[in-house]
**Q** 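Please read through the structure below; I'll follow up with questions.
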Amino acid sequence: MGAKGAWTTVGFRRLGAAGSAAIALGGWAVGTLPAHDPWGLWVAHGPGVRAAGYALAYGGLTVLVVAWWLYGRAGASVRDTLATLGWWTAPLVLAPPLYSADVYSYIAQGAMVLEGHDVYSVGPSVLDPDGPGGDAAASVGGHWTDTPAPYGPFFLLLARGVAWATGGTIVPAVLGMRLIALGSLVLIAWALRNLAREHGRSESAALWLGALNPLLLIHVVGGVHNDGLMTGLMLAGVLLALRGRWITGSAVIGLAMMVKSPAAVALLFVGVLVGRAASGPVARRVAKGLLAPGLVAGAVVVGLTFLGGTGFGWIGTQSVAARIHTALSLSSDIGLGLGELLRLLAGTDPDPVKAAVQNLGLLVALVLIVRLAWHATTGRTEPVRALGTALLVLVALSPMVQPWYLLWATAVLAATASGGRAMGAVTVLSAALVYETQPSGSTPPYGFVLAALVCAVGVALLRRERADGERGRLPGQRRPTEAAVEADAPTAR
């Protein structure tokens with residue numbers, strides 16, 4: 001890499017780090033602050049400080065997004081990109097929770113398990129306000145105070161460990177959960193590099209879109225969402241299966257399912273890999289592909305459920321999130337609109353109509369996912385890339401969609417795809433959806449306006465690239481000569 005390229009890479013790294021630092025600094029004033037912090041570190045401030053905090057946070061976020069987009073064009077090596085990931089992550093490590101209050105739910109649920117409450121039948125409100133996890137329970141978002149946990153026993157065991165180690169005290173408990181998030185980020189980066197290598201893609205480009213992504217940084221590191229852990233385990237399981245170690249890979253995907261259930265989609269495509277590698281009659285190969293990974297993952301699920309001591313209540317709580325309307329869910333928006341229209345015309349209850357449309361959306365998603373698996377089975381598409389598209393379909397048609405759900409598909413597509421509409425969509429959406437929520441965790445109407453504006457700018461930039469003769473090459477995807485330089489560099493492996 002020439003001096004100019006090195007200077008550009010370092011310059012964008014520093015620019016992004018400044019943006020990340022501004023987000024963190026602003027977060028101390030306008031982040032998702034707890035209801036009570038006995039240490040007095042994460043406390044509310046006056047209007048003037050809050051105004052400055054919002055200016056810093058939004059300004060820093062914009063700087064980070066611009067630096068990320070431009071960094072993808074700089075032709076950085078793997079080593080440079082990993083260093084940049086460290087620079088951009090570091091300022092967020094000690095910040096209060098950002099963009100979401102979910103981490104307080106995690107801590108409270110861990111304390112509930114520690115105290116022997118049935119976390120799958122009651123919400124954090126059962127905790128003693130003066131006991132372990134009481135401050136976390138008081139800080140939980142209003143929707144979730146009396147809502148049972150939708151997470152699997154494996155994640156609740158981790159949350160229980162954090163609650164036990166910290167006594168549920170807010171600052172150390174949040175930092176303990178953030179350590180898990182940082183471990184997830186390391187796992188994602190490792191899996192991305194190896195999956196990209198398996199698919200003949202640029203490792204640096206995969207890291208740029210799948211790990212350096214601002215949407216991941218602010219919601220997995222800043223917001224401490226457990227989607228990072230689910231995604232990291234899922235990627236690791238798929239990688240193991242791709243390398244022929246499908247039993248271990250299926251077991252790891254079972255762990256991912258016991259964080260959040262959408263990871264189960266990966267089992268279908270691991271089954272495709274297993275069936276294609278098997279020998280013997282077609283019926284035997286199909287049966288092995290359909291059953292074997294599921295049996296392995298199922299054994300892990302059952303074992304963890306017994307080990308966690310929380311019971312099988314998680315099966316019945318998988319739909320609790322759908323009770324909360326999110327404007328990013330297409331099926332929920334259509335269902336709500338139709339329900340309200342029928343209420344005005346015929347006086348009917350709108351809720352059954354909304355639920356029916358949500359279920360229809362899930363049915364359509366299931367059909368499309370099975371079709372993608374069939375295409376992978378017949379060789380029309382590569383199985384792991386088909387998994388990325390399947391996760392994108394699942395998110396698009398789910399009854400509840402949050403901005404960070406996009407990360408499920410983005411990580412897989414980052415390591416397997418080399419262009420096309422899906423890659424363009426997740427790239428632009430990654431830049432846009434960071435604006436949908438405030439640092440305080442609320443979702444203001446102007447957030448959607450900002451996201452729409454960024455989408456328009458992103459689409460215009462991609463079209464200009466194609467007009468300039470770079471059709472099919474997105475940010476982070478370098479010219480063949482640049483990829484060859486990375487392949488020859490000793491730091492690229």
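All residue numbers in this chain count up from 1 along the given sequence.
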**Q** Sub-3.5 Å donor-acceptor pair from the side chain of Arg201 to the main-chain atoms of Ala415, do we have one?
**A** no
**Q** Are more than 12 heavy atoms from other residues, nucleotides or ligands located less than 6.0 Å from atom CZ of Arg276?
**A** yes
**Q** Mind checking whether Val238 and Phe269 have side chains closer than 4.5 Å, heavy atoms only?
**A** no
**Q** Hey, are the side chains of Val66 and Leu70 touching, using non-hydrogen atoms and a 4.5 Å cut-off?
**A** yes
**Q** Decide yes or no on side chain to side chain contact (heavy atoms under 4.5 Å, CB included) for Val301 and Trp314, but give the supporting numbers first.
**A** CA-CA 11 Å; Val301 166; Trp314 57 268; 3.4 Å; yes
**Q** Taking atom CH2 of Trp69 and atom OG1 of Thr427, what is their separation to the nearest 0.5 Å?
**A** 6.0 Å
**Q** For the side-chain contact (heavy atoms from CB on, under 4.5 Å) test, which of Thr389, Leu394, Leu392, Val393 pairs with Leu368?
**A** Val393
**Q** Using only atom types and a distance under 3.5 Å, with no angle test, would you say the side chain of Arg178 pairs donor to acceptor with the backbone of Ala95?
**A** yes
**Q** So does Leu215 get a backbone contact from the side chain of His219, meaning a donor-acceptor N/O pair under 3.5 Å?
**A** no
**Q** Rounded to the nearest 0.5 Å, how far does CG of Asp102 lie from CD1 of Ile107?
**A** 11.0 Å
**Q** Describe, in one word, how the ring planes of Trp404 and His225 are oriented to each other, choosing from parallel (under 30°), tilted (30 to 60°) and perpendicular (over 60°).
**A** parallel
**Q** Distance-only, no hydrogens or angles: does the Ser139 side chain make a donor-acceptor pair with backbone N or O of Pro34 under 3.5 Å?
**A** no
**Q** Is the shortest side-chain heavy-atom distance between Ile253 and Leu267 below 4.5 Å?
**A** yes
**Q** Using modelled atom types only, decide if a donor and an acceptor are shared between the side chain of Thr378 and the backbone of His375 within a distance under 3.5 Å.
**A** yes
**Q** Looking at CD of Glu382 and CG of Leu387, how far apart are the two atoms once the value is rounded to the nearest 0.5 Å?
**A** 9.5 Å
**Q** Going from OG on Ser398 to CG on Leu328, what distance comes out if it is rounded to the nearest 0.5 angstrom?
**A** 11.5 Å
**Q** Before giving the answer on side chain to side chain contact (heavy atoms under 4.5 Å, CB included), spell out for Glu203 and Asn194 the whole-Å C-alpha distance, their side-chain angles and the decisive distance to 0.1 Å.
**A** CA-CA 8 Å; Glu203 295 176 34; Asn194 286 277; over 6 Å; no
**Q** Ignoring hydrogens, what is the shortest heavy-atom contact between Leu209 and Thr410? Give both atom names and the distance.
**A** O-CG2, 3.6 Å
**Q** Test Glu198 against Thr416 for side chain to side chain contact (heavy atoms under 4.5 Å, CB included), laying out the working first.
**A** CA-CA 9 Å; Glu198 294 286 339; Thr416 59; over 6 Å; no
**Q** Check whether any side-chain N or O of Ser331 sits under 3.5 Å from a backbone N or O of Gly361 as a donor-acceptor pair, and report yes or no.
**A** no
**Q** Please confirm whether the backbone N or O of Ala263 pairs with a side-chain atom of Trp408, one donor and one acceptor, at under 3.5 Å?
**A** no
**Q** Tell me, which pairs form a ring-ring contact (aromatic ring centres under 6.0 Å, His included) where one or both residues lie in residues 179-198, sequence neighbours left out?
**A** none
**Q** State, yes or no, whether a side-chain contact exists between Arg73 and Phe12 at a heavy-atom distance under 4.5 Å.
**A** no
**Q** Can you tell me if Thr32 uses its side chain to pair, donor with acceptor, with the backbone of Pro439 under 3.5 Å?
**A** yes
**Q** Evaluate the side-chain hydrogen bond (donor to acceptor under 3.5 Å, both in side chains) criterion for residues Asp227 and Tyr405: first the C-alpha distance (whole Å), next the side-chain angles of each, then the deciding distance (0.1 Å), finally the verdict.
**A** CA-CA 7 Å; Asp227 298 75; Tyr405 289 6; 5.6 Å; no
**Q** Does the side-chain hydrogen bond (donor to acceptor under 3.5 Å, both in side chains) test come out yes or no for Thr62 and Tyr435, once each step is laid out?
**A** CA-CA 9 Å; Thr62 302; Tyr435 291 96; 2.8 Å; yes
**Q** For Thr166 and Ala173, which heavy atoms make the closest approach, and how far apart are they?
**A** OG1-CB, 3.5 Å
**Q** Which heavy atom of Thr81 sits nearest a heavy atom of Ala76, and at what distance?
**A** OG1-CB, 3.8 Å
**Q** Any side-chain heavy-atom pair from Thr305 and Met258 closer than 4.5 angstrom?
**A** yes
**Q** Is the shortest heavy-atom distance from the side chain of Arg385 to the side chain of Val412 under 4.5 Å?
**A** no
**Q** Kindly determine whether Tyr104 and Gln109 satisfy side-chain hydrogen bond (donor to acceptor under 3.5 Å, both in side chains), including the steps that lead there.
**A** CA-CA 8 Å; Tyr104 299 128; Gln109 288 158 2; over 6 Å; no
**Q** Any side-chain to backbone donor/acceptor pair from Ser20 onto Gly16? Under 3.5 Å, distance only.
**A** no
**Q** Do the side chains of Leu217 and Pro214 get nearer than 4.5 Å, heavy atoms only?
**A** no
**Q** Go through Thr9 and Asp80 one step at a time and tell me if the side-chain hydrogen bond (donor to acceptor under 3.5 Å, both in side chains) criterion holds.
**A** CA-CA 8 Å; Thr9 299; Asp80 286 337; 4.8 Å; no
**Q** Would you please test Trp42 and Val171 for side chain to side chain contact (heavy atoms under 4.5 Å, CB included) and show each step?
**A** CA-CA 8 Å; Trp42 298 339; Val171 173; 3.9 Å; yes
**Q** Quick one: does Pro403's side chain get under 4.5 Å of Glu436's, heavy atoms only?
**A** yes
**Q** Tell me the closest heavy-atom pair linking Arg13 and Trp88, and the distance in Å.
**A** O-NE1, 2.8 Å
**Q** Should the heavy atoms of other residues, nucleotides or ligands under 6.0 Å from CZ of Arg371 be counted, would the total exceed 12?
**A** no
**Q** For residues Asn226 and Tyr151, is any side-chain donor paired with an opposing acceptor at under 3.5 Å?
**A** no
**Q** Checking Thr169 side chain against Pro172 main chain: does a donor-acceptor pair fall under 3.5 Å?
**A** no
**Q** How long is the gap from OG on Ser440 to OH on Tyr99, to the nearest 0.5 Å?
**A** 10.0 Å
**Q** Which value, rounded to the nearest 0.5 Å, describes the distance between Leu273 atom CG and Leu268 atom CG?
**A** 10.5 Å
**Q** Please find the pair of heavy atoms, one from Ala251 and one from Val296, that lie closest to each other, and give the distance.
**A** N-CG1, 3.7 Å
**Q** For Val300 and Leu255, work out which heavy atoms get closest and say how close.
**A** CG1-N, 4.0 Å
